[in-house]
Structure formats: C-alpha cells, structure tokens
Amino acid sequence: MQGFIRNFGEIAQQWLAMAWAALRNKIRPGGRPLASDGDSQAAAAASAAATRMPAPRRWRRLALYAALISAVGAIAVRWAMPAASNAEHPAATAASAAAANPWLNQYQTLRDKAERGQASEQEIETLVAQPEQPLRNWLKQHLRALLAYERQYAFPAGPDSHLVSGEVLSAAAPDEKAAYGQALLTQWRGHLFSGDIQSARALAEHFETRRDALALEKPVRLAAMALQLQLATLDPRDKSGARDLRRKLVAEIDILPDPFESAATIEAQVAVIEASTFAGDIADAQKKLARLTQWLASASQENALDDSLRARLAAAAMALGQYADARTILRPFQAQAAGQAPACARTLEHWLAQAELTIHEGQVIQAEHALANLQACFSARNGGGEQPHLQLARTHNLAGQLHLLLAQPEQALQSFGAARDLWSALLGERHFWVGHAHNNLGAAQRLKGELPAARQQFEAAGGLWSEVLGAAHPLMATYHNNMAELEMLEGAPAADVKAKLDSALDARRVYGDKHPWTAVVLGNLGELANLQEQFDQALRYHTAALEIRQATYGQWHPDSALSLNNLGTVQFRMGEFNLALQSFERSLAVLEKMLGDANARTAAVIDNLAATQMALQDFASADKLLARLVQIETARGPGRQAALAAALVRLGDARQRLGALPEAERAYLDALQNLGALSDAARPRDTARNALEGLKTLLPALGKPLPSQELQALAPWLQEEQPPQP
C-alpha cells in the first residue's frame with residue numbers, strides 16, 4: 001500500500017511541475033528557462049516540462065487539477081515517506097547516513113581518498129567494524145579493488161567469489177546496503193572499461209538478483225540500467241535485448257522532472273546515445289546528443305559532467321561526426337590537462353578522447369602528445385608489458401589512424417594488427433570492433449599499394465558488420481565506399497564503381513547531408529567523374545566535399561586540403577591552369593602547416609603545383625619546387641626509388657627548359673640509376689621512358705652519346721626503348 005501511495009505522490013509532484021510550467025508560459029511566453037534567472041531546481045524542471053504542455057488557453061484548468069492532485073499527493077508522500085525530502089537529495093541522504101553510522105563515515109572517507117589515488121593498504125586495514133560483518137568485509141575488499149584499479153586501470157576479475165549472499169544483504173543496515181550497491185556499480189564500470197566482459201556479465205547478474213534486497217533509490221536504478229545497456233552494446237549477443245533495454249531506459253528518462261538532476265541520469269542519457277549510435281539509429285542519437293550538449297553549454301561548472309562521462313560523451317559525438325560538439329565537451333579537460341602528466345586511472349578516457357579528436361582535426365603534435373601519455377600509462381601497468389585491456393586496443397587503433405594521416409602504412413599495419421588482436425581476445429572474433437580493425441588494416445594496405453590484401457581485409461570487415469549489425473547498418477556504407485575506391489584503382493568498369501558509391505552515399509545520408517563521412521563518398525564520386533572526363537560534375541562533387549569539410553573541421557585541416565587538391569586536379573585537366581594554381585597553393589599551405597614536408601600528401605601537392613607551373617611556363621618556380629620534392633623523397637628513405645626517379649625526371653625537364661643542361665643531365669642519370677635498383681615488376685615504364693626521352697634531346701646539345709652503363713642496368717627490360725649506340 002505504501003509503495004502505491006509513494007508512486008501516486010511522485011506523479012502528483014510531476015503534475016505540480018507541469019502546472020507551474022503552464023503558469024509560466026501564460027505569464028512569460030517564449031521567455032528563457034527559469035533556471036537561468038536563478039530560480040530553484042523545481043522551477044527549472046517545470047520550465048523544461050512546459051514544452052510538453054497543451055495550448056496556454058487551458059492553463060487555468062490544468063493548474064487547478066494539478067494543484068488539487070499535488071496537495072493530496074504531498075500529504076500521501078508525507079505519510080508514506082517521512083524522509084522523502086532527503087530522498088530527493090542524495091548528498092544530504094549520504095551525509096545523514098554517514099553521521100548515523102561512524103563505520104560508514106570512515107568507509108566513505110577512505111573511498112574518496114582511494115578514488116583520488118591517495119589511500120593506502122594500511123589505512124584500509126585499520127578500518128575496524130564492531131561487530132564484524134560479512135558485508136563490511138566485502139566493502140573493505142572493494143577498497144582494495146579500488147586501489148588496484150588506480151594502479152592497473154581494471155578491477156580484479158572473478159567477482160563471484162567475493163559477492164555477499166542475499167541473507168547477509170537482508171540483515172545489513174539500509175545505509176550499508178546503499179554503499180554496497182554503489183560499490184557494485186563502481187566495479188561494474190571498471191570491468192566494462194577494461195573490456196572484462198565475463199566479470200561485467202557476472203556482476204550484472206548478481207546485481208539483478210539483489211535488486212529487491214538493495215532497495216535502490218531511483219538514481220541508482222537508472223545507473224544500473226545504463227550499465228546493463230552499455231554491457232549489451234559492448235557485447236551484442238542479443239540485439240533485441242539491447243533494443244528493449246534502450247527502450248526501457250528512454251522511458252525512465254522521459255518521465256524525469258529534470259533529466260539532468262544527477263550524474264546517474266546523465267550517465268543514462270550517454271548510454272542511450274552510445275547504444276543508438278551502435279544500433280544505427282543515428283537520428284535519435286543526434287537528437288539526444290544535441291539536447292545534452294545544449295544543457296552542458298549552459299550549465300554551471302558545479303553541474304558539469306564528471307571527467308569519465310565527459311570523455312564518453314565526446315567519443316559519442318565523434319562517432320556521430322559532431323566534432324564541434326566534441327571540442328566543446330572536451331574544452332574543460334583541455335584547459336585542465338595542458339602540460340600536466342596523466343593521472344592514468346582517472347584521465348585515461350580523457351586522453352583517449354583527446355587523441356581521437358586531435359587526429360580527426362589533423363593536429364599531429366597534440367595527437368602524438370596524447371598517445372604518448374596513453375602509452376606511458378600502459379607501459380607502467382604491472383611493471384610493463386601489454387596485458388589485454390579494451391582501452392589499450394583503442395590506443396593502438398588511434399595510433400594506427402595517426403600513422404595513416406602521416407602516410408606511414410607500415411607503422412599503421414602494426415598498430416591496427418595489435419588492436420585487432422586485443423579486440424579479438426577481449427570481445428571475440430565476431431565483434432563489430434574487430435570489423436573496424438579489418439577495415440583499418442585494409443586502408444593501410446591500400447595506401448601501401450597492396451590492393452589484393454586490402455580487398456581481403458575490406459571484405460572481412462563487410463562480412464562481419466553485415467552479420468553482427470545487419471546489412472542496412474550505416475557502417476555498411478564504409479564497406480561499399482572502400483570497395484568502390486579499390487575497384488576504381490583496379491580499373492573496374494565505371495558503372496560498377498558508380499553503383500557502389502551511390503549505395504554508400506544513400507546509406508551515409510542517415511548521418512545528414514553535411515556529415516564528414518558523406519564528404520568522403522562525394523570525393524570519390526568526383527574522382528570517378530574526373531576519370532571519365534565529366535569535369536563539370538567532378539567540380540560539383542569536389543566543391544560539395546570541400547564545403548562539408550571546411551564546415552566540419554575548418555580551413556586548416558588535411559581533409560580540406562585533400563578536396564582543394566582534387567579541385568586543382570580537375571581544373572588542371574580542364575586547362576584552367578591559373579585556377580588550378582590557386583587550388584594547389586591553398587592545399588599546400590594547409591598541409592605544410594598541419595603535416596609538414598615529409599608527408600606523402602604534401603609531396604603529392606608539391607608535384608601537382610610544379611606541374612601547373614610548368615604548364616604556365618614558370619620554369620624557375622617549378623625548378624625550386626621539384627628540387628624540394630627530390631629532397632623530400634630522398635629523406636623518406638628506402639623503398640622510395642620509383643617516386644624519387646619520377647621527381648628527378650620532372651626536375652630534369654624543368655632545368656632543361658631553363659637552359660641548365662649539365663644539371664638536367666645529372667637529374668636524368670640519377671633517375672635511371674634509381675630505376676635500375678628496382679625489380680622489373682616494380683619499375684615504372686613511363687618514368688624510364690621519360691628519362692630516356694629527356695636524355696635524347698639533351699645530350700646532342702652537349703656533344704655526348706647516350707650512357708651505355710645506365711641503359712645496361714635496365715636491359716633487357718628496356719630493349720625496345722634503347723636506341724642503337726653511336
């Protein structure tokens with residue numbers, strides 16, 4: 001009976017909030033939320049509820065009904081729950097409970113210290129309980145586990161042997177039950193964070209069987225539901241179960257008078273955003289992210305997210321392509337962490353989010369700094385070595401993305417391979433994150449030029465995503481786009497490539513027409529149109545991709561530079577050399593600033609800019625750029641002979657046009673020497689032919705024959721190109 005009256009009282013309080021909202025709407029329609037004027041939390045909840053009210057003309061009747069119901073409800077709550085006022089304020093409840101229980105006061109003080117990494121084993125041993133109780137013994141064990149978490153970034157596995165029985169829990173005091181429930185949630189989060197799915201699942205089952213005995217308050221129940229949803233998202237064995245959990249949690253959030261009243265309610269919203277994103281319900285995730293981000297932007301520092309939730313929310317924003325929101329969410333951490341050494345157990349998530357954001361933004365130095373902090377944390381773990389940990393897998397994956405940005409495919413393959421191995425060990429071979437690893441490995445092999453190996457990895461990713469997430473999931477657009485790009489490189493029929501790109505573009509649009517991933521597909525459509533000499537269409541695609549990238553990342557971003565380079569390529573082929581020159585110069589300025597000279601993207605744009613200057617007969621400018629390109633390719637080390645030879649041939653052409661014939665001869669001969677060091681299969685025939693043509697026009701003016709030594713190094717591969725010796 002008392003439970004029924006308590007529920008009735010809660011409903012009555014919601015009606016009172018709605019009545020207040022209706023009155024506010026009538027008096028001050030369209031005004032700012034009352035909370036911004038310094039009103040109470042109840043008024044803030046009422047103003048939030050106002051958006052769900054009927055038309056203002058019915059406000060008097062609603063206000064009267066709500067007032068009557070709330071009056072009866074207030075009496076009912078008072079009778080059924082004498083301490084109801086404390087239940088609405090968890091901090092006050094905890095303080096009063098601690099004052100009534102000295103042992104619990106000691107425990108909570110030590111727990112606060114342990115969470116800051118300031119407690120010690122000796123302090124835990126001195127935590128004396130009279131009389132001794134099994135539940136109190138478990139709470140002391142929890143403190144030890146909390147210390148281990150600070151050192152190892154994961155709670156000890158196998159919680160089954162340490163959990164208390166239902167009989168012990170029933171005999172415990174209410175405040176100690178609450179402490180036990182909170183401790184369970186803490187360890188549950190730790191298992192999820194480290195990727196210990198087995199322990200997290202066991203703890204979830206134990207928590208569910210003790211739910212009634214714990215007599216949890218609503219914020220704790222919400223936190224538990226959020227963890228169950230996070231577990232279902234991370235371990236998607238039952239997709240329908242995850243959908244049901246998400247639906248139930250959303251229903252619980254929707255009836256809250258204030259969805260931002262506590263960390264538990266915000267954690268629940270973050271879990272829903274993550275689950276909606278993984279399920280492919282992008283519109284719902286974007287809507288909920290926008291609401292939470294809007295609140296965060298207007299909230300005071302006292303009401304802001306804690307570090308862990310802030311990092312998770314930023315990661316969710318980046319998964320949705322909302323990088324501006326991610327920057328806003330992480331700004332307090334960026335200011336706090338600047339120049340500081342990482343406190344690993346408490347800031348590991350933040351460094352991960354920081355690394356991911358700076359990689360997406362092309363901020364190489366900042367990304368390297370964040371990744372160095374992450375590696376330092378894991379290197380110190382258990383005296384070194386790499387033990388399985390979910391966040392270590394994320395660290396390797398981010399390192400691989402940075403290597404891709406820097407055009408370092410060998411290092412990227414190593415990092416992505418390490419991430420794949422860890423994800424497979426922690427989550428199983430058939431997990432969608434393992435699909436991410438296959439996809440990234442394919443991207444690295446494509447950059448390296450190993451197209452058959454790239455195809456194998458892309459197909460593995462697509463097959464796994466289709467199996468686990470479904471053929472209609474937005475991630476399948478990544479698969480279609482990658483396969484189209486691969487087939488374009490392999491010279492597949494344009495119609496087949498276009499069909500895959502159109503399919504990818506349709507799937508991408510679930511994120512919105514202005515999403516950066518949409519820009520990737522538009523860029524590939526532009527490249528395909530350029531190959532088909534459909535230049536007007538190619539310009540439209542590349543311009544649209546550039547607008548999206550500049551709106552998302554800003555002008556100074558490597559992807560914006562990529563679109564500018566693509567535009568310049570089309571303009572060059574159209575004979576619009578002055579326009580191409582401007583596009584290449586803008587692209588080069590961005591890449592020099594963001595990635596430096598040694599990057600492959602920078603070298604490619606330098607080459608394109610030099611070709612444009614040659615077309616404009618500005619041979620002196622072209623000579624300077626090509627000499628710089630030769631230095632870049634030389635510094636990049638072994639394996640660059642083909643690229644270095646091509647740069648040397650173009651340098652020889654520029655110097656021959658300038659009349660610097662001995663210097664041009666030297667460039668052509670160096671090109672042939674580099675080509676001679678390559679195997680027949682790896683030697684580019686066009687580069688060798690161009691070098692020989694340059695020498696044929698140059699050497700007669702110098703009174704010299706063609707050099708037989710360099711030509712012999714290429715025979716018999718170049719027999720048809722080798723002219724008779726005089």
Does the ring center of Phe193 lie less than 6.0 Å from the ring center of His389? yes

Roughly how far apart are Leu163 CG and His206 NE2, rounded to 0.5 Å? 4.0 Å

Does one side chain, of Arg394 or Gln391, offer a donor that lies under 3.5 Å from an acceptor on the other? yes

Taking the six-membered ring for Trp, are the ring centroids of Trp423 and His396 within less than 6.0 Å of each other? no

Apply salt bridge (charged side-chain N to carboxylate O under 4.0 Å, His left out) to the pair Asp244 and Arg247, showing each step before the final yes or no. CA-CA 5 Å; Asp244 291 341; Arg247 194 178 301 114; 2.8 Å; yes

Leu227 and Glu267: CA distance, side-chain angles, deciding distance, side-chain contact (heavy atoms from CB on, under 4.5 Å) verdict: CA-CA 9 Å; Leu227 289 172; Glu267 181 179 11; 3.8 Å; yes

For the CD atom on Gln366, are there more than 12 heavy atoms of other groups (residues, nucleotides or ligands in this structure) within a distance under 6.0 Å? yes

Nearest non-hydrogen partners of Ser276 and Arg246, listed with the distance: OG-NH1, 2.9 Å

For Arg189 and Gln230, which I'm curious about, is there any donor-acceptor pair between the side chains at under 3.5 Å? no

Is the Trp433 ring parallel, tilted or perpendicular to the His431 ring (thresholds 30°, 60°)? perpendicular

Is there a donor-acceptor contact under 3.5 Å from the side chain of Ser415 to the main chain of Ala412? no

Over 60° means perpendicular and under 30° means parallel, so classify the ring planes of His360 and Tyr323, tilted if in between. tilted

Using 30° and 60° as the class boundaries, would you call the ring planes of Phe432 and His436 parallel, tilted or perpendicular? perpendicular

Taking all heavy atoms of Leu135 and all of Val168, pick out the closest pair and write down the distance. N-CG1, 3.8 Å

Can you find a pair of side-chain heavy atoms, one from Leu427 and one from Val434, that are under 4.5 Å apart? no

Do Glu349 and Ser308 have side-chain atoms, one donor and one acceptor, less than 3.5 Å apart? yes

Would you compute the distance between atom CD1 of Ile359 and atom CG of Leu402 and round it to the nearest 0.5 angstrom? 5.0 Å

Any donor-acceptor N or O pair under 3.5 Å, side chains Arg111, Thr186: yes

Suppose we call two aromatic rings close when their centres sit under 6.0 Å apart. Are Tyr479 and Trp465 close by that rule? no

Looking at Asp196, is its backbone amide N or carbonyl O close enough to the side chain of Ser199 to form a donor-acceptor pair, meaning the two atoms are under 3.5 Å apart? no

Taking the side chain as every heavy atom from C-beta outward, state whether Leu447 and Gln408 have any atom pair closer than 4.5 Å. no

Is the closest side-chain heavy-atom distance between Leu234 and Leu390 below 4.5 Å? yes

Please report the closest heavy-atom contact between Glu121 and Leu147, naming both atoms and the distance. N-CD1, 3.9 Å

Report yes if some heavy atom in the side chain of Glu176 is under 4.5 Å from a heavy atom in the side chain of Tyr107; otherwise report no. no

Can you check whether Cys377 reaches Asn373 side chain to side chain, under 4.5 Å on heavy atoms? no

Do Gln411 and His403 have side-chain N/O donor and acceptor atoms under 3.5 Å apart? no

Indicate yes or no for a side-chain donor-acceptor contact from Glu123 to the backbone of Ser120 under 3.5 Å, with no hydrogens or angles considered. yes

If you count every heavy atom of other residues, nucleotides or ligands that lies below 6.0 Å from Glu150 atom CD, does the total exceed 12? yes

Run the side-chain contact (heavy atoms from CB on, under 4.5 Å) test on Ile253 and Gln269 for me, step by step, so that the C-alpha distance in whole Å, both residues' side-chain angles and the decisive distance to 0.1 Å come before the verdict. CA-CA 8 Å; Ile253 295 170; Gln269 294 184 68; 3.8 Å; yes

Tell me the closest heavy-atom pair linking Ala317 and Ile329, and the distance in Å. CB-CD1, 4.4 Å

Straight-line distance of Leu441 CG to Phe458 CZ, nearest 0.5 Å: 9.5 Å

Can you see which heavy atom on His473 is nearest to which on Gly280, and at what distance? NE2-N, 3.5 Å

Assign the ring pair Phe207 / Trp188 to parallel, tilted or perpendicular, where the plane angle (0 to 90°) is split at 30° and 60°. tilted

Under 4.5 Å between any side-chain heavy atoms of Phe155 and Leu203, yes or no? no

Verdict with reasoning, Lys218 to Leu256, per side-chain contact (heavy atoms from CB on, under 4.5 Å): CA-CA 10 Å; Lys218 187 161 189 175; Leu256 290 171; 4.0 Å; yes

Using atom types as modelled and distance alone, determine if a side-chain donor or acceptor of Thr265 lies under 3.5 Å from a backbone N or O of Ser262. yes

Supply the atom-to-atom distance Leu374 CG to Leu352 CG, rounded to the nearest 0.5 angstrom. 4.5 Å

Is any NZ, NE, NH1 or NH2 atom of the basic residue among Arg221 and Glu252 found under 4.0 Å from an Asp or Glu carboxylate oxygen of the other? no

Rounded to the nearest 0.5 Å, what separation is found between the CG atom of Leu139 and the CD atom of Gln133? 9.5 Å

Flag for Glu208-Gln228: side-chain donor and acceptor within less than 3.5 Å: yes

All heavy atoms of Leu192 vs all of Ala200, minimum pair found to be CD2-CB, 3.9 Å

Should the ring pair Tyr153 and Phe378 be called parallel, tilted or perpendicular, given that the plane angle runs from 0 to 90° and is split at 30 and 60? perpendicular

Side-chain contact, heavy-atom cut-off 4.5 Å: Gln198 with His191? no

Contact between Arg210 and Leu184 at the side-chain level, heavy atoms closer than 4.5 Å - yes or no? no

CG of Leu222 to CD of Glu261, rounded to nearest 0.5 Å, is 8.0 Å

Before giving the answer on side-chain contact (heavy atoms from CB on, under 4.5 Å), spell out for Phe416 and Leu404 the whole-Å C-alpha distance, their side-chain angles and the decisive distance to 0.1 Å. CA-CA 10 Å; Phe416 289 140; Leu404 279 185; 3.8 Å; yes

